[in-house]
Amino acid sequence: MFCKNCGNPMDPNAAVCVRCGYAKGAGASYCPNCGTPTAPGAAVCLKCGAAVTTAVPGDKSKLAAGLLGIFLGSLGIHNFYLGYTGKAVAQLLITVLTCGVCAIVSEVWGLIEGIMILTGQIDKDANGMALTD
Ligand SMILES: [Zn+2]
Ligand SMILES: [Zn+2]
């Protein structure tokens with residue numbers, strides 16, 4: 001297999017690329033199957049047809065997620081942003097279904113999560129990718 005970040009051939013058992021240090025499967029620039037550079041946003045490799053994940057790891061900003069949680073936590077926006085859709089929908093529904101009556105619940109919930117994100121207690125998105133500073 002090939003490193004998806006730099007296209008370097010890598011040992012399938014290796015956890016990280018020895019050349020660029022990216023985790024196995026991280027990156028979105030090269031086909032993991034044949035090592036051909038892939039177009040940004042492409043779902044499959046044009047050469048071999050292998051599925052190429054388009055998600056770029058580590059592209060979520062800690063600051064943005066934290067501020068979204070603090071200001072829009074009652075709508076679960078920060079969790080939508082980080083990919084925690086289940087939690088996000090719960091927060092959104094608490095607010096919407098009660099016509100805002102219980103918005104304080106999801107607001108406090110989002111506020112706490114926003115602070116946890118900013119202080120590094122929540123430091124990963126739903127895909128386990130580290131948040132960037
Ligand atoms: Zn690499
Ligand atoms: Zn390929």
Side-chain angles (χ1 to χ4, degrees):
M1 68 173 290
F2 295 83
C3 171
K4 290 173 69 181
N5 180 57
C6 70
N8 196 42
M10 68 187 274
D11 185 333
N13 298 316
V16 295
C17 170
V18 289
R19 191 161 98 181
C20 69
Y22 262 59
K24 179 165 73 178
S29 305
Y30 293 87
C31 172
N33 187 48
C34 69
T36 303
T38 48
V44 293
C45 170
L46 296 176
K47 189 169 154 190
C48 72
V52 178
T53 350
T54 52
V56 181
D59 64 339
K60 300 289 189 345
S61 154
K62 180 165 127 181
L63 185 65
L67 293 179
L68 285 172
I70 289 168
F71 294 108
L72 296 168
S74 61
L75 300 175
I77 304 297
H78 60 300
N79 281 320
F80 280 116
Y81 177 67
L82 294 179
Y84 295 111
T85 316
K87 260 201 293 190
V89 169
Q91 286 166 333
L92 183 64
L93 289 183
I94 288 173
T95 301
V96 173
L97 290 183
T98 62
C99 298
V101 174
C102 293
I104 186 72
V105 174
S106 38
E107 228 165 74
V108 171
W109 183 3
L111 177 68
I112 291 170
E113 286 188 334
I115 292 168
M116 285 172 75
I117 291 167
L118 290 179
T119 57
Q121 285 167 281
I122 296 175
D123 59 357
K124 288 180 172 61
D125 68 14
N127 296 319
M129 295 301 178
L131 305 181
T132 57
D133 285 320

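Position 1 is the first residue of the sequence, and the numbers go up from there. Below, all heavy atoms of this structure are taken into account, side chains as well, without hydrogens, waters or symmetry copies. Note that ligands are numbered from 1 as they come in the structure, with each ligand's atoms numbered from 1 the same way.
- The angle that C6 SG and C20 SG make at the Zn ion (ligand 1), rounded to 10°, works out to 120°.
- To the nearest 0.5 Å, atom CZ of residue R19 and atom SG of residue C6 are 4.0 Å apart.
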Quiz prompt | Audit row: L63, L118, side-chain contact (heavy atoms from CB on, under 4.5 Å) steps and yes/no | solution = CA-CA 6 Å; L63 185 65; L118 290 179; 4.1 Å; yes
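- Between the side chain of K62 and the backbone N or O of D123 there is no donor-acceptor pair closer than 3.5 Å.
- In this structure a side-chain-to-backbone donor-acceptor pair under 3.5 Å is missing from T95 to G100.
- Vertex the Zn ion (ligand 1), arms ending at SG of C17 and SG of C3: the angle is 110° after rounding to 10 degrees.
- Rounding to 10 degrees, one finds that the Zn ion (ligand 2) sits at the corner of an angle of 100° between C48 SG and C31 SG.
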